[in-house]
Every structure is written in C-alpha cells, then in structure tokens.
Amino acid sequence: MDAINVPRAAWMSEDLVVLEDQARRFIAAEFVPHLDRWNEEGIYDRSVWTRAGEAGLLCASMPEEYGGAGGSFAHEAVIDREISLAGFDSFGGSLHSGIVAPYILNYGTEEQKRRWLPRLATGELVGAIAMSEPGAGSDLQGVRTSARKSGNGYVLNGSKTFITNGQHANLIIVVAKTDPTLGAKGVSLFVVETDDAHGFRRGRKLKKLGLDSADTSELFFDDVRLPAESLLGTEEGQGFIQLMTELPQERLIVAVNAVAMIERALALTIDYVKQRQAFGKKIIDFQNTQFELAECKTEATIARVFLDHCIGRHLERTLDTTTASMAKYWLTDLQGKVVDRCLQLFGGYGYMDEYPISRMYRDARVQRIYAGTNEIMKVLIARSL
Ligand SMILES: Cc1cc2nc3c(=O)[nH]c(=O)nc-3n(C[C@H](O)[C@H](O)[C@H](O)COP(=O)(O)OP(=O)(O)OC[C@H]3O[C@@H](n4cnc5c(N)ncnc54)[C@H](O)[C@@H]3O)c2cc1C
C-alpha cells in the first residue's frame with residue numbers, strides 16, 4: 001500500500017523491514033478474514049491476543065529478559081502501522097504494548113516487571129489503562145477513584161469509563177488518589193490483576209460511533225482489596241509525574257495510526273476512482289478528482305515526513321511534549337480531513353458499510369478525542385510560546 005513515495009526513514013533498519021513484512025503477512029492471514037464478523041459481533045475474539053503474542057506482535061519493545069522481543073519504539077510503530085493499514089484499528093494492541101507495558105518497565109520494581117511483563121508478552125494478560133471517569137477526562141487531577149491504606153495494602157473504590165480493552169483486560173493500571181488533599185501529588189498508579197479481584201466489575205461494552213469491534217467499557221471497583229505490591233513502583237504520589245512522562249509516547253502511537261489511515265484512505269480511493277466511471281470517463285479523469293487527490297497526497301507526504309521525524313527523535317529520547325502534542329493534534333486533524341475528502345470521491349458507495357472508507361470515516365473521529373483531546377494538545381503547545 002504505497003500511495004505516497006517517501007524514502008524509508010533513517011531509523012527503519014533491515015530487521016524492521018523484515019518485521020514489517022512478517023507482520024503484514026500474519027495480519028492478512030490471521031486477522032483480516034475475521035474483521036467483518038468481529039465488527040458485526042461488536043467485539044473481536046479473545047484469541048486475537050494469544051495469537052498476536054505467539055506471532056511476536058505484543059511487547060516488541062520490551063527487553064527479552066521480560067519476555068519481549070528486545071526491540072525499540074520503532075518495532076511498536078511498525079506493528080501499529082501494519083494493524084492500521086489492514087483496517088484493524090479496533091485492536092488495542094498498541095495500548096497494551098506501547099502504553100501499559102512501558103509503565104511497568106519504566107516504573108515497576110524488579111519483582112513487578114518479572115510478574116507482569118512476560119505474561120503481557122504472551123497475551124495471557126491483556127492490558128488496559130483506566131484514567132478517565134464519568135466526571136473527569138481531560139482534567140485528570142479531578143479523578144475521584146480512591147486507594148485508601150488498609151493494613152498492609154489498599155482498598156480501591158471508584159468507577160472508570162471509556163476504557164479501551166475493557167472487556168478482555170485482566171491487568172488494569174488504575175489511576176487513583178492516595179491522598180485527595182494533595183492534588184497532583186496525591187495521585188498514584190495501581191496495577192490490578194482482575195481475575196481474582198473481589199469487588200471488580202465490568203460494566204457495559206459501550207455502543208459508539210466507530211471502532212465497532214473495540215471493547216471500550218465502563219469498569220467498577222467496589223472495595224477491591226489490593227496488596228501493597230499493587231502500587232506501581234514503591235512510592236505513593238508519583239502517578240501524575242508518571243502519566244505526564246509517558247503520555248508523549250501514547251500521543252505518538254495515535255499519530256502513527258493517523259498517518260497509516262491517511263495512506264490507506266488514499267490508496268483505496270486512487271484505486272476506486274481509476275475504476276468507476278461517470279459521463280463516459282473514469283472518475284480520475286475529472287480535474288476535480290485529480291486536484292483533490294493531489295492535495296491529499298501532498299498532505300499525506302508532509303504527514304509521513306513529520307511523523308518519521310518525530311519517531312526518530314523519540315528513539316533518540318529527544319521528543320519533547322510540545323512536538324509530540326503537535327504530531328497528535330495535527331496528524332489526527334489531517335486524518336479526519338483526508339478521509340472525508342476521499343469518502344466524497346466514492347459517492348454513495350462511500351456511505352455504505354461494505355466499503356472500508358465508510359468505516360474509516362467513523363473510526364477516524366475518535367482520534368481527535370482520546371489520548372488527550374486536540375484542544376488539550378493546543379494547550380500544551382501554547383505553553384511553549
Ligand atoms: C473510544 C475511546 C477510547 C478511550 N480509551 C481510553 C482508555 O483506554 N483509558 C482512559 O483512561 N480513557 C480513555 N478514553 C477517554 C478519553 O481519553 C477522554 O474521553 C478524553 O481525554 C476527553 O475527556 P472527556 O471525555 O471527559 O471530555 P472533557 O474533558 O469533558 O472535554 C469536553 C470538551 O472540553 C474541552 N476541554 C476540556 N478542557 C479544556 C481546556 N483546558 N481547554 C480547552 N478545551 C478544553 C475538550 O477538548 C472537549 O472538547 C477513551 C475515549 C474513547 C472515546
């Protein structure tokens with residue numbers, strides 16, 4: 001799927017080219033044939049996780065000693081891109097491998113890393129991160145979920161909503177207040193293994209505009225008793241700093257998906273307008289079509305170059321919050337615009353479910369909302385002015 005011709009990024013090493021090819025083949029053979037059914041059923045099979053684990057598509061950037069593939073963020077980016085190019089945007093693998101696992105790797109104790117990372121890499125554990133609540137999304141300091149000290153451990157109470165992987169997840173990082181009087185300094189992260197967690201309950205799999213087979217859900221914690229080792233790391237009150245440190249990578253992951261979807265939309269549309277006819281000629285032969293696609297291709301090219309630049313900087317550990325926020329905001333905005341313009345060129349077929357561009361139009365919308373809304377991205381960028 002090469003709708004644009006940008007040279008390979010400097011960070012795209014030979015082993016990443018091999019990974020790209022392996023991931024593409026595996027996804028095409030194992031996942032793509034089931035996408036329609038999963039979308040119909042509103043949830044993809046649990047076995048996707050173990051199959052992805054067997055194929056090395058989970059935790060590729062985790063060290064080998066913890067069950068990962070010993071790669072870098074570039075490995076995650078290559079896999080995420082292939083998932084998006086194949087149209088499986090509902091899969092929460094990028095969150096599991098690129099967000100949940102890094103929290104444990106970067107802040108967990110040695111014992112916590114050994115306990116959780118290998119099982120995340122195989123798909124035995126499915127990860128989720130529960131920040132948002134019915135009353136607090138952008139303003140994370142406003143979370144009301146509490147973790148009260150009790151004996152040697154904690155008692156967790158609260159409710160979370162919009163949680164990706166909410167039905168399949170059995171390892172959930174929960175944002176909770178350990179001291180409600182301290183504001184940001186009273187926020188801590190807890191790792192909750194849900195299989196035997198008394199008082200934990202999954203709510204509805206939420207009905208939503210797009211990402212039909214994604215199990216975005218409500219979660220409830222009623223007097224859930226947690227051992228002391230559930231606190232991520234060893235010190236309370238570190239949650240907010242940990243979140244702020246990790247969020248740039250989450251934003252970059254969203255940007256990777258945005259650019260992949262832009263390229264997919266463009267490729268599908270170019271293909272379509274070369275076949276469809278009106279007024280005795282192909283749709284591509286109208287100058288309007290050519291101009292629309294020329295503009296989209298130009299913007300897709302700029303998008304890819306900027307994304308590759310950001311990934312390169314992230315790999316060198318020099319990607320700052322401002323630039324990561326720019327990537328998330330600008331690339332997801334562009335995704336919405338390009339997919340909309342592409343859909344228009346499909347005419348009525350673009351509105352029909354059986355044409356992927358229709359689903360992409362719905363799936364694209366949330367990209368401007370989650371992982372920090374695009375307005376919050378602008379707030380962060382504005383701080384650098
Ligand atoms: C499909 C899906 C999956 C998600 N997955 C997860 C997940 O896995 N884990 C998780 O924790 N959350 C998840 N979320 C939640 C998501 O991160 C939040 O919806 C998002 O952060 C916005 O929070 P909110 O919905 O409470 O909106 P609000 O914070 O209520 O915002 C409402 C509007 O006000 C604007 N606004 C708010 N503050 C400001 C400001 N300071 N300046 C200007 N404008 C502002 C916002 O931009 C928005 O337009 C998911 C959401 C969706 C839809």
Side-chain angles (χ1 to χ4, degrees), residues 1-6 24 27-28 31-42 44 80-91 207-214 216 254-307 329-370 374:
M1 190 160 308
D2 282 326
I4 59 169
N5 36 4
V6 174
R24 186 169 300 174
I27 294 161
F31 295 160
V32 172
H34 306 288
L35 291 182
D36 285 345
R37 174 171 65 82
W38 293 337
N39 284 325
E40 281 298 317
E41 291 172 359
Y44 57 84
D80 295 348
R81 177 176 159 79
E82 289 307 317
I83 295 274
S84 260
L85 287 177
F88 192 16
D89 293 280
S90 293
F91 182 45
K207 284 194 174 173
K208 50 197 182 319
L209 176 67
L211 298 180
D212 294 347
S213 69
T216 316
V254 173
V256 168
N257 297 335
V259 172
M261 203 198 267
I262 288 171
E263 289 178 31
R264 180 167 191 247
L266 203 52
L268 290 172
T269 309
I270 292 169
D271 194 41
Y272 183 81
V273 296
K274 284 183 177 170
Q275 292 173 35
R276 177 83 178 165
Q277 300 217 345
F279 298 97
K281 46 183 178 173
K282 298 208 163 109
I283 303 291
I284 186 126
D285 293 329
F286 295 112
Q287 195 181 45
N288 175 65
T289 308
Q290 294 170 11
F291 281 9
E292 283 292 291
L293 290 174
E295 287 184 24
C296 288
K297 183 166 180 167
T298 305
E299 288 177 324
T301 302
I302 297 166
R304 180 72 176 277
V305 171
F306 179 45
L307 176 69
Y329 132 66
W330 193 76
L331 294 169
T332 59
D333 259 20
L334 183 67
Q335 175 187 358
K337 288 178 202 153
V338 170
V339 171
D340 184 54
R341 291 171 86 175
C342 285
L343 186 150
Q344 186 70 16
L345 294 174
F346 279 77
Y349 292 100
Y351 200 67
M352 297 298 130
D353 243 8
E354 68 224 66
Y355 280 75
I357 195 73
S358 152
R359 185 176 304 287
M360 291 168 78
Y361 180 81
R362 295 190 288 112
D363 291 351
R365 189 62 184 85
V366 76
Q367 292 261 91
R368 287 146 63 189
I369 296 171
Y370 58 20
N374 284 7

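Computed from a predicted structure; not experimentally measured. Heads up: numbering here begins at 1 and tracks the sequence.
Closest non-hydrogen pair, L266 versus K297, comes out as CD2-CA, 3.7 Å. Here the closest heavy-atom approach between residue L35 and residue G87 is recorded as CD1-O, 3.9 Å. Nearest heavy atom pair, residue A258 against residue L331, reads CB-O, 3.7 Å. The two atoms that bring G350 and I357 nearest to each other are CA-CG2, 3.8 Å, heavy atoms only. In plain terms, the two heavy atoms of L211 and D363 that are nearest each other are N-OD1, 2.6 Å. Residues E263 and A3 come closest through the heavy atom pair O-CB, 3.8 Å.
When the shell of 6.0 Å around CZ of F31 is examined, it contains more than 12 heavy atoms from other residues, nucleotides or ligands. No more than 12 heavy-atom neighbours from other residues, nucleotides or ligands sit within 6.0 angstrom of CG on D36. The environment of CD in Q344 is sparse: at most 12 heavy-atom neighbours from other residues, nucleotides or ligands sit within 6.0 Å.
Distance CG/L293 to CG/N288: 9.0 Å, rounded to 0.5 Å. Atom OG1 of T216 sits about 14.0 Å away from atom NZ of K207, to the nearest 0.5 Å. Between the CZ atom in R362 and the NZ atom in K208 there is a gap of 9.5 Å [rounded to 0.5 Å]. For the atom pair CE (M360) and OG1 (T269), the distance works out to 7.5 Å, reported to the nearest 0.5 Å. Of the inter-residue distances, the one linking I4 atom CD1 with C296 atom SG reads 12.0 Å to the nearest 0.5 angstrom. Rounding to the nearest 0.5 Å places CG of N257 at 11.0 Å from CD1 of I262.
Residues W330 and I302 are in side-chain contact: their nearest non-hydrogen atoms beyond the backbone lie under 4.5 Å apart. No side-chain heavy atom of K337 sits under 4.5 Å from any side-chain heavy atom of E299.
Residues satisfying the side chain to side chain donor-acceptor pair (under 3.5 Å) test with S213, not counting sequence neighbours, are S90. The side-chain contact (heavy atoms from CB on, under 4.5 Å) search around N374 returns K328, Y329, T332, D333, R368, M377, not counting sequence neighbours. Here W38 pairs with H34, F88 under the ring pair (Phe, Tyr, Trp, His ring centres under 6.0 Å) rule; sequence neighbours left out.
Looking at Q367 and Y370, their side chains do bring a donor and an acceptor atom within 3.5 Å of each other.
Judged by distance alone, the side chain of Q290 and the main-chain N or O of I284 form a donor-acceptor pair under 3.5 Å.
The aromatic rings of Y349 and Y272 are tilted relative to each other, their planes meeting at an angle between 30° and 60°.
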If you apply the rule side-chain contact (heavy atoms from CB on, under 4.5 Å), what do you find for V305 with V6, and how did you get there? CA-CA 7 Å; V305 171; V6 174; 4.1 Å; yes

Evaluate side-chain contact (heavy atoms from CB on, under 4.5 Å) for R341 paired with L345, printing each intermediate quantity in order. CA-CA 7 Å; R341 291 171 86 175; L345 294 174; over 6 Å; no

